[in-house]
Structure formats: C-alpha cells, structure tokens
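Everything on this sheet refers to the single structure shown next.
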Number of protein chains: 2
Amino acid sequence: MITNKNCIIRLSRYKNALYRLQALGFVKVFSDNLADAVGVTASQVRKDFSIFGISGNKKGGYQIDLLLEKLNNILGKDRLQKVIVVGGGHIGSALMRYRGFEKEGIKIIAGFDIDPAKINRSNPVPILPLEEARIFIKTNGIRIAILAVPDIAAQQALDLICAAGIKGVLNFAPLRLKAPESCIVNYVNLEIELENLIYFVNVAEKTE
Amino acid sequence: MITNKNCIIRLSRYKNALYRLQALGFVKVFSDNLADAVGVTASQVRKDFSIFGISGNKKGGYQIDLLLEKLNNILGKDRLQKVIVVGGGHIGSALMRYRGFEKEGIKIIAGFDIDPAKINRSNPVPILPLEEARIFIKTNGIRIAILAVPDIAAQQALDLICAAGIKGVLNFAPLRLKAPESCIVNYVNLEIELENLIYFVNVAEKTE
DNA sequence: TTATTATTGTGAAAAATGGAACAATATGAT
DNA sequence: ATCATATTGTTCCATTTTTCACAATAATAA
C-alpha cells in the first residue's frame with residue numbers, strides 16, 4: 001500500500017504532462033521525456049509506474065493513451081467527483097467561481113455558510129445555510145469537502161461535515177484540526193508557502 | 001545548510017501555533033505541546049529546533065516570546081515582504097483582494113496583466129500593464145512574485161520577471177517552468193491537491 | 001542538602017525515499 | 001538472420017528524514 005504522498009503528486013503531474021504531449025500530437029513517450037516535463041529523473045518515472053504495475057515496451061516507451069487511462073484510473077478520475085465548499089468568504093467564493101476544476105472532472109456542487117446574507121440558492125453554485133449541509137451531504141453522497149472558514153469556526157465545521165459522512169477535507173484554515181479516523185484532512189496554506197519561498201530565497205542570497 | 005522543505009514548513013506551523021498559545025495567555029511551552037498542536041512528534045520538534053540552534057530549558061520548556069523571536073528571524077519575518085502578482089484573472093485578483101497575508105508581514109503591492117481592460121491604477125493594489133513590471137521590480141527591489149497567468153503565458157512571464165530580478169516565484173500555472181539558477185520556483189496546484197486527497201480517500205475506502 | 005522528577009538535546013538506529021546501474025529485451029539496421 | 005542499439009524494469013546502494021532512547025540537567029520536594 002502506497003503511503004508516499006509525493007509519489008501520488010508525481011502521478012498527477014505525469015498525467016498533466018501527458019495531456020499536453022497528446023495535444024501536441026505525440027502518441028508515445030519515453031520515461032526521460034516525462035522526467036524532463038515533470039522535473040524528476042527517468043528512474044523515478046519508471047519506478048513510480050512499476051509500483052502501480054504500469055508497464056511500457058522495451059525500446060518502445062509508453063503509449064500515451066493507455067498510460068493516461070491507467071493513471072486516470074489510479075487517481076479516481078474515471079468518474080466525476082462532486083465536492084462542496086464550506087465557507088463563503090474570500091477564498092470560498094473564489095473557489096466556487098473558479099472554473100479550472102471542471103476540466104479535471106471535479107465539480108463544486110454547492111457552498112455553505114452560516115451568514116444568512118451569503119445564502120443564494122439561485123447561484124450557478126448555490127450557497128446554502130450550513131444547517132442544511134448534513135442532509136445535503138447525505139442525500140448527495142458527497143465524500144470530499146473544501147473547508148474555507150475562519151480559524152475559530154474550522155473545528156466545529158469539520159466536526160459537522162465529518163459526522164455527515166465527509167471522508168476527505170482540503171482545509172484552508174491555518175491550524176491543525178482534529179478529525180475522526182474516517183476522515184483525511186489535507187492542508188493548504190498560502191502564507192506558509194510564501195514564507196517557505198522567502199526562507200529559501202534568503203538562504204540563497206546569503207550563500208551566493 | 002538546511003535543504004529540507006518540510007522542516008521549514010514545520011517551523012512556520014510552530015510559529016502559528018505559538019501565536020495561538022500566546023493569545024491564550026501561555027508564556028512557556030513544552031515540545032510535546034507544540035507537537036500536539038502541529039501534529040508531529042515531540043522528538044521532531046526538538047530536533048528541528050536543535051538544527052537551528054534553538055534551545056530551551058531543561059525541565060522548563062521554551063519561553064514562547066523568545067522562541068517566536070527566533071523563528072520569525074529564521075523565517076525572514078523581521079521585515080515586511082513586498083510581493084507582486086502577475087496575472088489579473090480569477091486567482092490573481094482573489095489573491096490581491098485577500099487580506100490574510102498582511103498579518104503575516106507579506107504585502108502585495110501591485111498586480112500586472114497584459115489585458116488593457118484589467119489595468120486599474122487607482123485600486124488599493126494597483127493593476128499595471130505587464131510592460132511596466134520590469135521597471136517596477138527594479139525600482140522597488142521586489143524579490144518575490146506570485147505567478148497566476150494561463151499555462152500558455154507562464155514561461156514567458158517567468159522569463160520576464162526573472163530577468164527583472166525576481167528571486168522567488170510561487171507559480172499557480174499547472175506546468176513545470178524553466179527558471180534560471182538565480183530564481184526559485186515553488187508550485188501551488190489545487191487540482192493536484194484535490195486529486196491527491198481523492199486518491200487517499202479511495203484507498204481508505206477500499207481497504208476498510 | 002539530597003533525592004526525585006520532568007524535560008531537553010543529541011547520537012545512534014530505523015525507515016523511507018530517491019538514484020544509479022545494469023540485465024533483459026524489443027526494435028530496427030545490415 | 002544476426003548484430004547493434006535504445007529503452008524498460010528492477011535490484012541494489014546512497015541519502016535523507018524520522019524516531020528512539022537516554023544521558024544531562026534544571027526545578028522541585030523532602
């Protein structure tokens with residue numbers, strides 16, 4: 001069983017690079033082409049594939065369409081993923097407007113907020129009262145949620161959606177949340193990403 | 001010299017957790033408190049500190065204010081970081097409106113776009129023509145940029161800002177870019193984050 | 001003062017990750 | 001048909017990262 005998050009991220013990147021190659025008219029690809037496109041070594045590419053039993057042809061490389069099929073299957077992209085957003089603030093509403101997910105087979109089907117002023121049932125992505133989240137999650141069988149509420153509200157909101165059946169959360173609140181075993185929480189934090197970048201830029205500046 | 005990105009990310013998280021503890025009135029903290037708050041082991045906390053020569057008191061833990069001072073120093077948070085955003089689309093403009101960076105000492109001071117319709121010099125964060133980026137970066141000594149332009153334009157935009165003196169880029173375009181030695185590029189990709197989450201949720205579902 | 005206890009700091013062990021190297025082999029050339 | 005070549009798949013090795021374990025020691029209690 002694969003627990004290496006980086007490995008799965010690389011699979012996503014291979015997939016994205018393959019679509020670009022395919023759009024350029026390529027039909028097959030070698031491990032070192034993919035390695036270049038994604039910024040890893042060719043060994044790494046082949047090993048990643050080998051872990052998932054993906055094989056190519058000696059001297060012939062990999063056929064892009066078959067490879068994409070396998071990667072999409074591994075990444076669960078063979079069916080539409082319905083996602084909800086909890087929190088209708090800056091980040092939440094930007095995510096609801098963002099069209100980039102759709103081409104990846106990820107569809108945000110509703111947003112939720114406690115503030116009655118934010119409710120809007122006629123939006124392309126309707127924004128509903130948080131009280132309705134539980135029943136919405138259950139009736140629509142939603143497994144994935146994006147959590148974009150203020151720090152102070154994050155734990156409570158998480159408890160609510162986990163209890164309703166959410167299995168995975170992408171959390172934008174900048175603190176660690178306690179989730180039940182049944183629910184995986186991943187963290188996105190742009191401030192930390194920037195801090196990280198600033199640190200390495202500073203280090204590079206000092207050592208040059 | 002520290003090259004471990006995860007380690008630096010943990011420092012940011014320790015810092016954030018320490019501010020919360022401080023706000024609750026705590027004055028000192030033990031490695032296992034921090035470990036709980038951040039979701040790592042106590043050994044890890046102490047080892048991270050040890051790497052940077054941060055020391056506490058046997059049986060007394062760490063004094064929060066001193067610890068914060070050291071972490072902030074390491075993370076370059078002792079001075080305001082001025083950042084520009086390249087690209088005035090959905091993501092770019094959401095970032096320019098986002099107020100969360102300011103409390104972290106990160107200030108977005110301008111945006112840039114090629115589309116004349118997006119130019120707006122009287123905005124709180126002015127949006128300027130991309131042609132002006134070069135001179136703006138040089139005259140203001142900007143080192144950090146956020147790149148939020150369409151895939152197709154990303155490499156060219158990166159070349160431009162690197163030539164103007166940018167040393168670090170947080171790139172939202174979902175492809176690997178070629179940057180000169182002098183410039184570090186980090187990647188943010190929400191589609192990949194969601195794919196990753198979906199993968200692990202699917203795995204958990206299958207193995208339960 | 002001495003003993004006890006809690007906590008740090010770190011060296012050594014273990015685990016995870018990534019990379020190099022090369023045997024196996026399919027393809028194409030002669 | 002045979003040889004040369006290019007590329008995969010995998011094993012083994014190196015490096016990085018994390019965890020364990022415990023000596024050192026400061027604070028507190030007796």
Side-chain angles (χ1 to χ4, degrees), chain A residues 1-14 17-18 21 26-71 74 176 187 196 199-200 203, chain B residues 1-14 17-18 21 26-71 74 176 187 196 199-200 203:
Chain A
M1 235 280 293
I2 307 302
T3 55
N4 184 342
K5 190 175 166 174
N6 288 332
C7 175
I8 308 302
I9 288 177
R10 285 194 300 269
L11 294 190
S12 284
R13 293 194 170 139
Y14 301 147
L18 286 167
L21 291 169
F26 288 94
V27 170
K28 63 181 192 179
V29 70
F30 301 119
S31 56
D32 65 334
N33 304 140
L34 263 181
D36 280 353
V38 168
V40 299
T41 65
S43 291
Q44 179 89 82
V45 173
R46 296 198 299 273
K47 184 178 284 185
D48 286 339
F49 289 172
S50 149
I51 288 169
F52 289 96
I54 295 175
S55 59
N57 310 296
K58 297 264 161 81
K59 197 159 179 185
Y62 303 83
Q63 205 178 319
I64 292 181
D65 55 355
L66 295 178
L67 191 47
L68 273 170
E69 204 177 302
K70 284 177 183 161
L71 290 175
I74 292 165
R176 176 144 302 252
Y187 294 78
N196 199 265
Y199 171 84
F200 284 105
V203 167
Chain B
M1 236 280 293
I2 306 303
T3 56
N4 184 342
K5 189 175 166 177
N6 287 331
C7 175
I8 308 303
I9 288 177
R10 287 194 299 268
L11 295 190
S12 285
R13 292 195 170 139
Y14 300 147
L18 286 166
L21 290 169
F26 288 93
V27 170
K28 64 182 192 180
V29 69
F30 302 118
S31 57
D32 66 334
N33 304 139
L34 262 181
D36 279 353
V38 168
V40 299
T41 65
S43 294
Q44 179 93 81
V45 173
R46 296 199 299 274
K47 173 73 58 108
D48 285 340
F49 288 172
S50 148
I51 288 169
F52 288 96
I54 295 175
S55 59
N57 310 295
K58 297 267 159 80
K59 199 161 177 185
Y62 303 83
Q63 204 179 319
I64 293 182
D65 54 355
L66 295 178
L67 190 47
L68 274 169
E69 204 176 303
K70 284 177 182 160
L71 290 175
I74 292 165
R176 175 145 303 253
Y187 294 79
N196 199 266
Y199 172 84
F200 284 105
V203 167

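Per chain, numbering begins at 1; letters A, B, ... match sequence-line order.
Rounded to an integer number of Å, the gap from B/Q63 CD to C/dT7 P is 16 Å. When the C1' atom of D/dT18 is taken as reference, atom CG of A/N6 falls 15 Å away, rounded to whole Å. C/dT10 atom P lies 14 Å from atom CZ of B/F49, rounded to whole Å. The separation between A/F52 atom CZ and D/dG9 atom P is 15 Å, rounded to whole Å. Rounded to whole Å, atom C1' of D/dT5 lies 16 Å from atom CG of A/N57. To the nearest angstrom, P of C/dT10 lies 11 Å from CD1 of B/I51. Rounded to whole Å, atom C1' of C/dT17 lies 14 Å from atom CD1 of A/I8. Rounded to an integer number of Å, the gap from NZ of A/K5 to P of C/dA15 is 24 Å.
Note that CZ of B/F49 is 10.0 Å distant from NZ of B/K70, once rounded to the nearest 0.5 Å. Atom CD1 of B/I9 is separated from atom CG of B/D48 by 11.5 Å, given to the nearest 0.5 angstrom. Here the straight-line distance linking atom CD of A/Q63 with atom CG of A/L68 works out to 11.0 Å at 0.5 Å rounding.
Applying the 4.0 Å criterion to OP1 and OP2 of D/dT18, one finds that B/R46 has every side-chain N and O outside that range. Look at A/S50 and you'll find a side-chain N or O under 4.0 angstrom from OP1 or OP2 of D/dT10. Note on B/S31: a side-chain N or O is less than 4.0 Å away from OP1 or OP2 of C/dT8.
Using a 4.0 Å heavy-atom criterion, one finds that A/D32 contacts no nucleic acid atom at all. Heavy atoms of A/T41 sit under 4.0 angstrom from primed sugar atoms or phosphate atoms, though from no base atom. Residue-level contact check: A/Y62 touches the backbone only, with heavy atoms under 4.0 Å from sugar-phosphate atoms and none from bases. Residue contacts for B/T3: at a heavy-atom cut-off of 4.0 Å it reaches no nucleic acid atom on any strand shown.
In terms of position along DNA chain C, the nucleotide closest to A/N4 lies nearer the 5' end than the nucleotide closest to the other residue of the pair A/G60 and A/N4. Across the interface with DNA chain D, nearest-nucleotide mapping of B/K47 and B/K28 shows B/K47 to be the residue nearer the 5′ end. Nearest-nucleotide positions on DNA chain C for B/I54 and A/V40 put B/I54 closer to the 5' end.
Residue B/K59 places its side chain closer to D/dA27 than to any other of D/dG9, D/dA27, C/dT17. Checking D/dT10, D/dT17, D/dT7 against the side-chain heavy atoms of A/K58 singles out D/dT7 as nearest. Checking D/dT28, D/dT19, C/dG28 against every side-chain atom of B/Q44, the shortest atom distance belongs to D/dT19. Minimum atom distance to the side chain of B/S55 is reached by C/dG9, of the listed D/dG9, C/dG28, C/dG9.
For the pair A/R176 (side chain) and B/V38 (backbone), a donor-acceptor distance under 3.5 Å is present.
Judged as a side chain to side chain donor-acceptor pair (under 3.5 Å), the pairs with a partner in residues 30-40 of chain A (not counting sequence neighbours) are, in order, A/S31-A/R46.
Residues B/R13 and A/Y187 come closest through the heavy atom pair NH2-CB, 4.0 Å.
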